[in-house]
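Because only heavy atoms are used, hydrogens play no part in the values below, and waters and symmetry mates are left out as well, while side chains stay in. In what follows, every chain begins at residue 1, and chains take the letters A, B, ... in the order their sequences are listed. Because the structure is a prediction, the values reported are computed rather than measured.
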Amino acid sequence: MIELLSEVLVSALILVGAFFTLVGSLGLTRLRDFFARLHGPTKATTLGVGSLLLASLVFIALEGDGLRLHKVLIAIFLFLTAPVSAHLLAKAAICLKVGTGPAGEVPETFDATQSLEIPRDPVSTPPAT
Amino acid sequence: MIPIALTIGFSAVMVSMFMALFRLIRGPRLVDRILALDTLSINAIALLMLVGIYLRSDMFFEAALLIAMLGFVGTVSLSKHAVGRSVIE
Amino acid sequence: MNHLILAPILIPALSAVIVLLTARADLRLHRSLSLLAMLLSCSASIALAYSAFSGAPQVYAMGGWPPPHGIVFVLDRLSATMLVLLGVLGLAALLYASQGWDARGKNFHALFHFQIMGLNGAFLTGDLFNLFVCFEILLIASYGLLLHGGGQERLRAGLHYVILNLVGSAFFVIGLALVYGGSGTLNMAELARKLTVASPAEGVVLTAAGLMLLFVFSIKAAAVPLQFWLPAAYANAAAPVACLFAIMTKVGLYGILRIHGLVYGLDSPHIVRYAPFLLLVGGAVTLLVGAFGALGSRGLRELLAWLVISSVGTALLAIGLLGTEATAAALYYMVHSTLAAGAMFLLAELIREQRGSTGDLLRPGPNVTQPTLLGGLFLLGALTVAGLPPTSGFIGKAAVLASATHRPEVVATVYAVVLLGGLIGLVTLSRAGSVLFWNLGPSPDIQPRAAGVGRVLPVLLLFGLTLGMSAGGGPLLELMTGVAAQATDTSSYIDVVLRDSGGHR
Amino acid sequence: MTLLLVILIPLLGAMLPPLMMRWGRGASAGSAILVTLAALGAWGSMVPAALRGEGATFKLPWIPALGLNLSLTLDGLALLFSGLILGIGLLVVLYAKDYLYKSDPMGRFFAYLLLFMGAMLGVVLSANLLLTVVFWELTSITSFLLIGFWGHRADARRGARMALTITGLGGLCFLGGALLLGHLAGTFEIAELTSLRDSTLSHGWYVPALVLILLGAFTKSAQFPFQFWLPQAMAAPTPVSSYLHSATMVKAGVFLIARLHPALGGSEVWFYLVGGVGLATLLVGAFLANLAYDLKGLLAYSTVSHLGLIVALLGIGTQYAVVAAIFHILNHALFKASLFMSAGIVDHQAGTRDLRSLGGLWRLLPFTAPLALIAAAAMAGLPPLNGFLSKELFLEQTLELPFAAGPWWLVPALATLGALLSMGYAVRFGVNTFLGPQPKTFPKPPIEPPWGMRIPVALLVAGCVAIGLLPDLLGAPIVELAAAASSYLEVEGVHFALWHGFTPALLMSGIAIVGGVGLWYLQRWFVPVFDQSIPLPSGERLFRATIAGLVDLSRSAKRAFHPGKLQTAIAWMILSVVLLVGSALLVKLPRWTPSPADIDPSLLGGVALLLLAIGAALYFHRRRAVSLAILGAVGLLLSMGFVYLSAPDLALTQLSVEVSTIVLMLLALHLLPAQSVKERVGLHHLRDGVLALGAAVVVGTLTWLLLIDPPTSATSAYYLAQSKPGGGGTNVVNVILVDFRGFDTFGEVIVLGIAALGVYAMLFGMGLPTRWTRPETPDESAYPLMLGVVARVLLPLALVVGIYLFLRGHNEPGGGFVAGLVFSAAIILQYLASGIGWTQHKMNIPFHPLIALGIFVAGLTGVIAIAFGQPFLRSWFEYYHVPILGEIELASAMAFDLGVTLTVVGGLLMVLVNLSKLPRSTSVRPLTLAEEED
Amino acid sequence: MKEQRPTLVVLEDAPDHPWRLRLFPQPITSIAVGLTWLLLVNSVHPAHLTLAALLGVIVPHFSSPFMPIAPQVRSWWALLSFAPIFLFDLVIANISVAILILRIGYVPRSRWITIPLDARDPFAITTLAAVISLTPGTVSSRLTEDRRFLLVHVLDCNSKELEVEKIKARYEAPIRRIFES
């Protein structure tokens with residue numbers, strides 16, 4: 001009974017993961033606007049991988065090797081990095097004036113670059129008010 | 001039951017890798033390609049997970065970990081290059 | 001197990017490391033340090049040579065892993081000869097460089113010693129893959145050295161040099177893959193043993209491997225039509241570097257002697273039957289093309305570079321003649337041409353500096369500051385390189401020709417080629433000499449400084465050695481015969497390495 | 001021993017004159033004279049014995065392997081020649097002392113002269129053929145230096161080069177021939193060669209050896225068709241001309257023929273070759289001499305023709321022919337040297353040697369003129385002078401040849417013609433210079449030179465007369481001795497007489513004398529004709545054209561085949577490897593039975609992906625960034641391939657290398673234009689296609705071969721077995737890397753370090769402006785906030801992962817290399833996020849020492865083993881049981897791995913930092929060269 | 001090319017602290033490091049615990065200079081309460097995006113919206129941006145120089161105002177509670 005349930009669980013997770021991975025890539029291929037494409041990988045794929053991770057985690061656990069959580073690290077890394085990648089790509093696309101589809105013009109406020117004094121550390125210095 | 005799921009999973013991931021590769025080749029812009037590359041590496045992680053289940057081993061955990069960590073570095077530097085700035089400044 | 005065998009690689013490595021650790025220390029410290037190290041490793045080489053010539057080959061098993069499984073160093077007469085040769089050459093080059101060249105770029109001493117280490121390793125190792133590793137070390141280091149001093153031409157030449165050599169390395173790896181695939185080992189002795197019992201299929205693979213390696217070594221040796229990397233590189237390298245590079249082509253020749261002469265056996269069926277013929281033809285073509293290229297050169301250093309190619313051709317030819325006598329002649333010629341070329345490149349630099357803006361171009365220019373000294377040295381060098389008596393070049397050439405008389409079917413060709421090459425060389429050098437020292441243009445307002453003792457000394461040292469080679473030609477040829485005998489005796493090599501390997505566990 | 005001294009005294013004494021120069025020219029010349037006298041003395045001490053026929057010998061092995069010994073002998077021939085060399089040498093030195101101009105470096109001149117003297121003595125004294133070759137070449141070289149003594153003059157340089165080239169060519173041939181001869185006879189000792197004559201003549205290599213040796217002799221003695229270099233050599237100072245180019249060096253060829261005549265002579269080949277060439281030379285030389293305007297040129301051609309006469313005699317080779325030859329050698333040396341000297345006097349005093357502007361010097365040079373005229377008479381062969389005697393003998397010999405040569409009268413007629421011609425130019429020389437009308441002006445008003453220049457002439461002429469009058473007393477003994485040494489037949493009872501009664505020879509010389517005068521009478525008509533209308537085939541012009549042509553050919557050939565383009569070079573490489581290896585496959589390919597491997601669909605998918613990606617990378621190769629991105633994908637897929645082969649270590653390595661490669665390449669891209677140059681579609685595409693195809697076939701075949709019978713390696717089994725017990729690790733790959741083949745790893749680590757140093761040195765050498773000074777505006781677009789924060793959050797985690805990979809490496813996938821790359825990646829991320837300036841400031845590791853430290857640590861683990869009496873790199877490991885912590889393994893491999901890690905980090909970051917300090921521009925010159933290829 | 005100065009790692013932003021801080025310059029980092037280690041080896045064997053502690057001491061000494069200001073979690077409660085919301089939205093987001101992607105022939109109404117930021121702490125801003133990117137069809141695309149506005153691309157958006165409101169209320173507020181306040 002437990003085995004069955006677990007099998008079901010694992011298979012379900014696998015399928016879900018596979019589905020989202022597929023959807024992510026599909027979006028990458030299908031959507032015709034860069035910014036739209038951007039959404040696919042950042043979300044769908046991460047979730048897909050997440051559930052696959054979960055699947056293998058559960059599976060290994062059920063194999064009797066006990067709870068091996070180390071795969072969680074992968075998820076952590078992904079969740080840390082994926083948004084940043086998306087962010088940077090988006091920034092790049094904006095700089096390159098990639099066509100942004102319907103009503104996709106960049107607001108003016110972003111073209112006006114405010115002048116700041118030079119902070120020594122790009123991150124931790126408080127912005128000029 | 002799991003084997004079937006695995007087969008489906010494998011084929012799904014394989015297909016999505018093909019799609020990512022398509023975008024990588026098709027472009028049209030460098031950013032598209034970078035995005036595709038990023039996706040491809042994430043797909044690779046998925047593939048590794050499936051392999052792990054298939055082989056009942058954690059042999060490829062480190063590989064997946066590295067992809068998650070280092071693929072990011074690649075994406076970052078490429079996208080900085082795409083903008084036309086020095087990668088490191 | 002004789003730990004001294006490690007000295008030729010550990011001493012340079014250590015000194016390079018120290019130089020780097022004290023990266024910001026005064027250059028003079030680095031100089032004295034690296035000179036000392038060079039002296040040490042040179043004397044170590046001589047000591048090794050002494051023991052090698054007084055006995056059977058010695059085996060050193062790295063990490064105590066017994067061959068064929070572990071990496072071994074094998075010290076035999078051939079490697080000892082090369083070690084000593086390199087030691088002396090390196091010493092001269094380093095002496096010269098310490099007169100100021102080493103200050104014209106970064107990390108000279110470190111790169112130099114790594115280069116020495118790579119070369120020594122290549123001469124000592126008894127393992128094919130390790131040979132590849134050593135080749136990598138010396139290639140990368142030589143690339144760094146080649147660019148030493150900066151400048152456009154150097155950069156361009158260096159780029160070609162490194163790319164072509166990397167292509168060579170790629171094929172080297174393929175060759176190694178074939179060797180391993182065919183024989184399941186990378187140890188030279190074991191490979192030699194396997195060759196005798198190889199199945200047909202393995203036989204094909206191993207033959208292909210052998211030819212692939214022949215190709216690779218021919219690149220290193222700059223045999224025509226694989227000479228492309230050499231002329232520009234040598235003509236543009238800094239003088240001491242060019243001097244050291246005089247031995248680079250010999251590494252390729254060494255590889256051929258070691259792998260095809262000893263492991264495969266040039267006249268054995270393991271490699272294609274026409275391999276010696278290939279060497280003969282290749283050598284002949286290389287010899288002539290080299291001499292011919294020198295004839296058309298516009299600068300002294302370019303001319304010398306082509307003559308290096310020509311000398312390689314002579315050596316290849318001799319190797320292709322097979323037999324102990326011919327091999328001995330080839331070895332003698334190798335040693336001679338290395339020393340001579342090294343000296344000539346140093347001398348060319350002295351001449352270039354003293355001819356002001358004309359540099360080493362072969363057209364009328366101002367008279368050099370030290371006409372008698374440089375002229376005399378140039379004359380001596382030209383005689384040596386062109387193979388005129390009483391220099392070692394003459395003896396080497398004579399030895400090659402004499403050994404050819406045992407091959408009646410090719411003797412005519414060999415004579416024709418060698419003599420023609422010699423003639424062209426003679427014409428070239430006489431033209432160059434008469435332009436450089438007789439056909440004088442207006443002298444500049446400020447006469448360049450005369451070269452100090454420190455920079456003439458290395459030249460004298462090297463030329464002195466060549467003269468010694470001719471004076472002591474008798475005993476030396478005897479020695480070389482001994483080397484050749486050992487370097488063609490495959491079965492005892494196998495025995496020594498695989499039996500008293502000094503490996504345990 | 002004294003023999004050796006005779007050679008060594010001049011060779012070593014050559015150093016004296018230059019050194020003495022600081023005490024003035026007199027001292028220098030004096031020293032030269034002293035040296036010559038010393039040599040003469042040493043020689044003289046041996047003469048009596050030699051005359052008794054028991055000449056001294058000396059032997060010292062030099063290079064036994066080649067049969068080259070320092071063996072000398074003083075037999076008759078050697079005696080004659082060495083006497084000439086030393087005697088005339090002395091006179092020449094005397095003469096030169098006054099002849100040389102104030103501006104000439106006298107010391108150098110005498111040094112060269114003495115060197116030549118020594119070399120020449122070596123040639124004539126050596127009893128070993130190879131030794132002869134050695135000294136032979138030395139004479140060529142010294143003569144090169146002497147001819148080029150006035151190197152500032154173009155004709156001197158050209159003459160010197162031509163002489164060296166021709167004689168050098170001959171020398172090489174001589175060497176070849178000598179080696180052949182030595183091989184077929186088994187010795188180079190001339191005495192033994194002589195004793196082996198019969199077997200030599202019957203040997204198959206006799207003819208080639210003979211021809212090669214004769215080539216040497218002919219070139220040296222300016223025999224037809226090589227006669228042209230001698231007149232060119234007249235650019236040398238006159239003492240040189242009279243010494244080298246009449247008395248001694250040009251006689252070396254003749255000497256060699258005489259020397260080897262006993263060993264090689266007497267065959268038909270010998271007769272026709274030597275005799276024919278000699279006769280031809282005699283005629284050609286004499287004829288050209290009649291056309292020369294240059295006084296020395298005339299003498300040079302006459303020398304050529306007289307040498308031809310001697311060679312012809314040696315070719316005939318009967319006893320009396322040999323005797324005549326030897327006798328003429330002696331005579332010619334005497335009168336020709338004196339003629340050259342007097343010509344030198346004329347040139348020196350009158351400032352010109354052109355016959356057209358000379359004449360009537362009889363009155364101005366009352367002392368020199370008669371001497372010169374007598375010498376000329378001797379040259380013409382007028383009685384009662386020595387020339388007459390030997391010429392008579394020659395004409396006589398032409399009547400009784402050992403082999404048939406055309407109709408009986410042919411050779412004698414030609415000989416007579418030769419004599420006639422020589423009479424002609426002798427008269428031309430004497431009359432046009434000293435008699436006849438005196439031109440209005442001379443470049444210099446001629447007056448008699450100092451005695452130093454006159455005495456030698458006088459002595460030599462005296463010699464001519466003396467021998468002419470008392471031939472039996474002065475000539476016969478030495479000639480007999482020498483002739484005996486240079487003939488394979490018995491030679492005895494030699495005596496000469498002015499008068500033999502009415503013989504055909506007398507008739508012939510009569511014809512010659514009369515005709516010669518007549519010829520001189522006609523010359524004012526026919527010489528101009530030859531000058532203007534009839535272009536004589538000039539070997540000299542041909543020679544120069546040949547050399548020039550060769551140089552041009554070489555240059556254009558280089559441009560065509562060695563154009564310093566990478567494509568060409570690599571094309572040649574691929575071509576040769578394909579041919580080389582392909583040929584082996586064709587030769588030795590066995591017939592195998594292909595075994596259809598079962599194919600895995602997922603593998604198919606992966607392969608398809610990989611191929612697609614690679615193809616795309618190729619397709620986009622011109623757009624660098626794009627192809628780089630695609631290459632990233634290729635790397636990723638490749639690592640998946642390693643996963644498929646369940647090789648986690650390789651996968652890890654591949655992945656981590658991939659990233660750093662991408663970053664470095666991106667940095668490098670800054671220096672390149674975004675697109676590579678557009679290639680013109682051309683033939684080279686076809687070439688490349690064919691080559692690629694061939695390479696593919698070869699490599700494919702080889703791979704197939706490997707696959708159909710995979711290697712069975714005892715080594716891999718050994719590694720698997722020994723990994724844990726011997727290497728203390730369960731991860732075989734890592735144990736192989738750090739233990740079984742640790743030395744390779746050590747090497748590769750060093751390679752990495754060197755590469756970093758090399759890049760550093762290169763960038764330094766490029767002398768580019770270092771753009772970076774302080775971090776520029778760290779605005780949002782340069783340093784995005786998100787990136788910065790996340791990068792910093794990631795750093796510690798990444799470090800932990802690195803440590804993890806490092807620590808477990810020995811037993812499970814991971815290891816020092818990967819760990820190092822992970823560390824570097826973590827730090828690279830900081831550079832990306834916060835820029836060089838800030839990061840460098842935060843983590844200020846000096847890279848050089850870091851690299852060095854890594855190598856040092858790795859090496860140290862090996863050396864420590866030695867300290868324990870173990871072999872280098874012998875690994876060590878131990879398991880410890882610590883109470884709470886449990887079992888812990890310590891292994892030397894870890895230290896080794898640490899070294900690897902340090903070097904990797906240091907090297908990678910060093911390259912990275914220095915690359916990123918470069919300005920971003922496509923106008924950086926050094927990198928344009930990467931573009932020049934297409 | 002100027003040489004690097006041979007000084008070692010400098011901790012200039014962490015001057016003389018009490019020993020506790022010198023041992024653990026950034027406690028939170030140390031904890032993260034330790035946890036990571038335990039996760040990696042996934043065991044709590046004493047040996048690994050000690051090792052984790054050790055790393056917790058060592059690693060931050062290398063990493064902390066790069067993070068002069070450590071993230072400070074003001075209220076863990078806020079963090080805990082926010083986590084489920086986020087995870088829930090994550091799933092929802094994916095599903096909705098999936099539907100969007102899968103709907104044949106439907107052209108999503110992409111829009112740019114600008115979110116005026118109240119958050120100041122870099123970590124807060126970053127977290128917010130990350131969360132935005134990970135949740136319903138939005139990708140935070142650009143931050144102004146003065147870090148007061150965040151440009152967000154919405155895949156399928158009916159009204160900009162609503163979106164802005166939602167984000168500020170649902171995400172920014174709790175995140176500010178975590179890091180600031």
Side-chain angles (χ1 to χ4, degrees), chain D residues 760 763-764 766-770 772-773 777 779-781 784-805 807-808 823 826-827 829-830 833-834 838-849 882-888 909-910 913-914 917-918, chain E residues 1-13 26 28-30 32-37 39-41 45-52 54-56 58-71 121-130 133 140 142-147 150:
Chain D
Y760 179 66
L763 295 178
F764 183 86
M766 278 157 65
L768 298 174
T770 61
W772 180 87
T773 48
T777 347
D779 57 5
E780 180 59 23
S781 50
L785 176 67
M786 269 185 98
L787 177 57
V789 171
V790 170
R792 292 167 188 203
V793 172
L794 272 178
L795 177 62
L797 307 185
L799 290 182
V800 175
V801 172
I803 294 169
Y804 167 75
L805 288 172
L807 286 181
R808 72 202 288 274
F823 288 139
I827 298 172
L829 193 54
Q830 305 310 312
S834 317
W838 195 75
T839 316
Q840 279 296 86
H841 168 64
K842 284 298 176 187
M843 174 210 61
N844 212 328
I845 304 172
F847 295 125
H848 283 89
V882 186
I884 314 155
L885 305 182
E887 193 155 83
I888 289 179
L909 292 184
M910 182 177 198
V913 167
N914 288 303
K917 278 178 182 170
L918 291 181
Chain E
M1 217 143 299
K2 78 176 188 17
E3 302 257 351
Q4 298 82 20
R5 289 199 317 284
T7 59
L8 282 175
V9 178
V10 287
L11 291 167
E12 55 155 320
D13 297 283
Q26 290 164 358
I28 189 163
T29 317
S30 306
V33 166
L35 279 178
T36 316
W37 179 259
L39 272 179
L40 278 170
V41 298
H45 185 284
H48 285 305
L49 285 174
T50 29
L51 206 48
L54 211 61
L55 292 174
I58 299 165
V59 173
H61 274 94
F62 284 96
S63 66
S64 58
F66 288 92
M67 204 182 303
I69 302 171
D121 175 52
F123 295 94
I125 297 177
T126 310
T127 322
L128 177 60
S133 295
S140 61
R142 191 166 163 182
L143 189 65
T144 44
E145 301 292 343
D146 57 7
R147 299 180 186 162
L150 185 64

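Inspection of the D:Thr839 and D:Ser834 side chains reveals no N or O donor paired with an N or O acceptor under 3.5 Å.
For the set E:Ser140, E:Ala32, E:Ser63, the entry with the most heavy-atom pairs within less than 4.5 Å of chain D is E:Ser63. For the set D:Ala826, D:Pro796, D:Pro849, the entry with the most heavy-atom pairs within less than 4.5 Å of chain E is D:Pro796. Comparing E:Leu40, E:Val59, E:Thr36, E:Leu51 by heavy-atom pairs within less than 4.5 Å of chain D, the highest count is held by E:Leu40.
Judged as a side-chain contact (heavy atoms from CB on, under 4.5 Å), and not counting sequence neighbours, the contacts of E:Leu49 are E:Leu38. Listed by chain and residue number, E:Val131, E:Ile175, E:Phe179 satisfy the side-chain contact (heavy atoms from CB on, under 4.5 Å) test with E:Thr127 (two or more places apart in sequence, or in another chain).
Smallest separation of non-hydrogen atoms from D:Met786 and E:Ala130: CE-N, 3.7 Å.
In this structure, chain E has no heavy atom under 4.5 Å from any part of D:Ile827.
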